[in-house]
Amino acid sequence: QVQLVESGGGLVQPGGSLRLSCVVSGSIVSINAMGWYRQAPGKERELVAGILRTGITNYADAVKGRFTISRENAKNTVYLQMNSLKPEDTAVYYCNLRSSPRWYLPGGSWGQGTQVTVSS
């Protein structure tokens with residue numbers, strides 16, 4: 001059983017920054033794709049950013065240039081550095097672990113989510 005636990009969410013003002021962390025435990029496949037998704041109330045869950053062990057990344061157009069995904073493999077942790085936050089970034093952010101970077105297909109293991117609220 002694989003478990004993912006997100007942390008780092010909170011309330012920030014527009015233009016502010018947050019860093020989300022996701023710690024993975026349990027049975028883990030050696031080579032994995034890890035990603036961050038978000039879901040706002042009444043909306044579909046969407047990909048924010050994904051990363052492979054090779055360092056190849058993929059970002060949603062809405063966050064390019066503002067968010068950075070990274071991973072620390074030795075600690076089984078993936079991060080999402082969020083800068084220049086906008087109110088439309090408000091959502092629950094979820095960590096995802098999957099065997100391949102099929103980002104737009106359902107699958108993989110999910111964390112419980114962490115709330116990010118961007119407001120004045």
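In what follows, residues are counted from 1 in the order of the sequence shown. In this text the structure is predicted, and so the values were computed from the model without any measurement.
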Beyond-backbone contact of [X] with [Y], side-chain heavy atoms, under 4.5 angstrom:
X: Val118; Y: Glu88; answer: no
X: Val92; Y: Thr114; answer: no
X: Asn58; Y: Ile69; answer: no

Report yes or no: does [X] contribute a side-chain atom to a donor-acceptor pair with the main-chain N or O of [Y] at less than 3.5 Å?
X: Gln1; Y: Gly26; value: no
X: Thr117; Y: Leu11; value: no
X: Gln39; Y: Lys43; value: yes

Atom [atom1] of [X] and atom [atom2] of [Y]: how far apart are they, to the nearest 0.5 Å?
X: Ile51; Y: Thr68; atom1: CD1; atom2: OG1; answer: 9.5 Å
X: Arg71; Y: Thr57; atom1: CZ; atom2: OG1; answer: 12.0 Å
X: Ser84; Y: Arg66; atom1: OG; atom2: CZ; answer: 7.0 Å
X: Asn76; Y: Ser25; atom1: CG; atom2: OG; answer: 8.5 Å

Tell me which pairs pass ring pair (Phe, Tyr, Trp, His ring centres under 6.0 Å) where either residue lies in residues 56-82, with sequence neighbours left out.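 Residue pairs with at least one partner in residues 56-82: there are none.
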Can you list every ring pair (Phe, Tyr, Trp, His ring centres under 6.0 Å) pair that touches residues 94-115, not counting sequence neighbours?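 Listed by first then second residue: Tyr37-Trp110.
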Between [X] and [Y], which heavy-atom pair has the shortest distance, and what is it?
X: Ala33; Y: Leu52; answer: CB-CD2, 3.5 Å
X: Leu4; Y: Ser109; answer: CD1-CB, 3.5 Å
X: Asn96; Y: Arg98; answer: OD1-NE, 2.7 Å
X: Gly111; Y: Glu6; answer: CA-OE2, 3.1 Å
X: Pro14; Y: Ser120; answer: CD-OG, 3.6 Å
X: Met34; Y: Cys95; answer: CE-SG, 4.2 Å

Can Tyr93 and Met82 be said to form a side-chain contact (heavy atoms from CB on, under 4.5 Å), step by step? CA-CA 11 Å; Tyr93 284 70; Met82 305 185 294; 3.9 Å; yes
Using the side chain to side chain contact (heavy atoms under 4.5 Å, CB included) definition, which of the options Val63, Thr90, Val116 pairs with Arg38?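 Going through Val63, Thr90, Val116 one by one, the side chain to side chain contact (heavy atoms under 4.5 Å, CB included) with Arg38 is satisfied by Val63 alone.
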Does Val78 share a hydrophobic cluster with Val2, counting links as ILVMFWY side-chain heavy atoms below 4.5 Å and allowing steps through other members?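 Linked, Val78 and Val2 end up in one cluster.
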Applying the 4.5 Å side-chain criterion to the ILVMFWY set and letting contacts propagate, would Val12 and Leu80 be lumped into a single cluster?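 Val12 and Leu80: one cluster.
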Residues, nucleotides or ligands: over 12 heavy atoms within 6.0 Å of Gln3 CD: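 Open.
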In sequence, state the C-alpha distance, the side-chain angles, and the governing distance for Lys86 and Asp89, and then conclude on salt bridge (Lys or Arg N to Asp or Glu O under 4.0 Å). CA-CA 5 Å; Lys86 305 175 180 179; Asp89 294 319; over 6 Å; no
Within residues 52-88 or reaching into it, pairs that qualify as disulfide bond (SG atoms under 2.5 Å apart) - sequence neighbours excluded: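 For residues 52-88, and leaving out neighbouring residues, there are no disulfide bond (SG atoms under 2.5 Å apart) pairs at all.
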